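Here is the naming used below: chain letters follow the sequence lines, and residue numbers restart at 1 for every chain. Predicted, not measured: the structure shown is a model, and the values here were computed from it. Just so it is clear, the values below take in all heavy atoms, side chains as well, and ignore hydrogens, waters and symmetry mates.
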Amino acid sequence: MIKTRFAPSPTGYLHIGGLRTALFSWLWAKRNSGNFLLRIEDTDLARNSQEAVDAILKAFNWVGMSYDGEAIFQSKRFDLYQKYIDQLLKEGKAYKCYMSKDELSELRESQMARGERTRYDGRYRDFTGTPPEGVEPVIRIKAPQEGDIVFNDGIKGEITIASTEVDDFVIARADGTPTYNFVVAIDDALMGLTDVIRGDDHLYNTPKQIVVYEALGFKLPNFYHVAMINNEHGKKLSKRDGATDVMEYKTLGYLPEALLNFLVRLGWSHGDQEIFSIEEMIELFDPKDINKSSSNYNLDKLLWLNAHYIKNKPHIELAELLVDFGVDIRTHDKKDLILNATKERGKTLVELAEQINMILNAPVEYNAKNFKKAFKADTEEILSLFVELLKRAELNEVADYHKVIESVVEQREIGFGKIGQPLRVSLLGSMTGSGLDEIMAIVGRDEVLLRVQRALDYKRGI
RNA sequence: GGCCCCUUCGUCUAGCGGUUAGGAUCCAUGGUUUUCAUCCAUGUUACAGGAGUUCGAGUCUCCUAGGGGUCACCA
């Protein structure tokens with residue numbers, strides 16, 4: 001059975017890049033009817049927080065991804081890790097290193113000065129003498145000293161790293177707590193993971209983890225290292241480039257299905273297909289189709305996808321979602337009419353809410369320029385006729401409002417724009433927006449009369 | 001700096017030795033629409049550069065350049 005995982009360290013919100021690798025892992029597990037597991041990497045007691053764990057869970061919940069079984073917290077497994085540290089010590093595969101931090105940094109500086117890669121020199125690897133006093137030792141693992149560490153990456157192919165690039169790294173700190181690369185390897189193995197899909201910033205951790213796997217006799221999983229997401233200029237994605245927190249997208253009015261669709265196509269593709277429902281993603285996703293190269297983050301497509309999903313969302317759900325954006329039309333008797341009139345005009349829920357508010361609420365003020373442009377010398381007369389006809393008209397459906405406008409156009413022998421423009425400004429305060437017939441049908445006769453009258457009063461007041 | 005990875009339209013990508021290098025988005029234009037949006041149509045734009053291998057290279061090899069990653073008692 002395929003088992004994948006997402007293993008965030010709880011130091012902040014869920015990052016957009018993290019969500020993508022989580023999505024890939026989740027899809028691959030689902031595709032194979034396998035398990036998608038969650039592990040919280042909180043070995044650094046000082047840096048992680050419960051809020052961060054909650055934030056990650058909240059984001060998962062928002063996009064509709066769920067993990068199998070219980071989440072595993074590494075901070076609760078120190079006893080387990082200790083067992084393996086003792087084992088390696090006993091087997092002579094790890095050793096105590098009494099080098100002080102000062103000595104270490106001194107070593108690094110001299111290596112740097114010579115233009116070398118900084119690495120531990122193995123001075124306590126075969127140490128048998130009397131340990132220096134006053135130094136709490138760290139535990140280092142014995143990494144191979146010659147040859148190459150080779151592994152097959154499911155995305156990048158065969159990766160070869162010289163053993164000289166991997167030093168005897170620390171697996172337990174002076175205070176006894178285990179370090180990242182050590183516990184990751186143990187947990188990945190113990191959790192029975194078959195496929196590890198992660199960002200390629202972990203590529204260099206892989207040989208280190210392989211050292212642990214081999215020392216402990218664990219079976220290697222398949223590794224997939226997904227290239228990073230950069231900003232639109234190809235540089236590292238940072239907060240300055242816009243939203244990096246997944247939950248920010250909710251606030252900005254994006255639908256989770258749009259975000260997921262956007263992210264799944266960043267680095268992965270299936271022929272020419274652009275739109276993927278969750279079901280299709282699960283059916284079609286395969287890490288072998290993931291791109292080797294990094295991709296640049298650009299909002300254009302997300303916006304387009306979001307518009308697409310808004311247009312196709314059931315009204316009942318849209319109405320529910322809009323509540324968070326200050327528009328509650330859940331029980332409005334013209335809900336469908338409102339949404340039909342507006343949903344093709346809003347690329348985000350924020351914009352959709354604006355469109356709806358524009359119709360539901362009478363304009364507070366008119367744009368002076370627009371007003372002047374729309375209200376010509378004969379406008380007052382035209383609108384007055386419109387008011388007269390509207391008062392007497394039988395209004396049952398959208399088309400009936402259209403008939404009133406048509407009558408005005410016919411009687412006065414004018415173009416639609418002659419009445420359309422000023423009417424629009426009267427109703428919305430704006431020159432653009434939904435169809436007039438629909439707007440009027442939504443607000444109803446009395447409100448239309450009110451708004452037109454108000455505009456006419458305003459006109460006289462100028 | 002050492003090591004590793006990457007490089008097709010502005011952006012996301014298809015391509016897996018023989019294609020007029022395809023799709024999507026963006027942008028522009030036209031159509032539909034009383035307006036805007038939607039929708040439809042059309043158009044502009046790409047194989048980083050240079051050497052090889054081959055009858056033939058975006059596809060294979062090497063070099064150069066550019067970009068990214070990584071070098072902790074962080075994860």
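Side chain to side chain, A:Ser25 and A:Tyr224 fail the donor-acceptor criterion of an N or O pair below 3.5 Å. Side chain to side chain, A:Tyr309 and A:Asn261 meet the donor-acceptor criterion of an N or O pair below 3.5 Å. A donor atom on one side chain and an acceptor atom on the other are not found under 3.5 Å apart for A:Thr160 and A:Asp148.
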Q) What is the per-nucleotide protein-contact pattern of nucleotides 35-48 of chain B, from the 5' end, where B denotes a base atom under 4.0 Å from a protein heavy atom, S denotes such proximity for sugar-phosphate atoms only, and - denotes neither? A) BBBSS---------
Q) Quick one: what's the B/S/- string for nucleotides 67-72 of chain B, heavy-atom cutoff under 4.0 Å, read 5' to 3'? A) SSBSSS
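Proximity of A:Phe6 to A:Arg39: side-chain heavy atoms (C-beta onward) are nowhere separated by under 4.5 Å. Here the side chains of A:Leu339 and A:Ile356 are in contact, with some heavy-atom distance below 4.5 Å. Residues A:Val170 and A:Tyr120 have side chains not in contact (no heavy-atom distance under 4.5 Å, counting atoms from C-beta outward). A:Ser9 places none of its side-chain heavy atoms less than 4.5 Å from the side chain of A:Asn48.
In this view, A:Asp102 satisfies the side-chain hydrogen bond (donor to acceptor under 3.5 Å, both in side chains) rule with no residue, not counting sequence neighbours.
Using a 4.0 Å heavy-atom criterion, one finds that A:Asp300 contacts the bases of the nucleic acid, with or without backbone contacts as well.
B:rU7 and B:rC12 have their C1' atoms separated by 15 Å, with the value rounded to a whole Å. Across the C1' atoms, B:rC39 and B:rU44 are found 22 Å apart, a figure rounded to whole Å.
Among the nucleotides B:rC6, B:rC5, B:rA14, the one closest to any side-chain atom of A:Ile159 is B:rC5.
Remark: B:rU54 base-pairs with no nucleotide in the shown strands. Criterion, Watson-Crick or G-U wobble with two distances under 3.5 Å.
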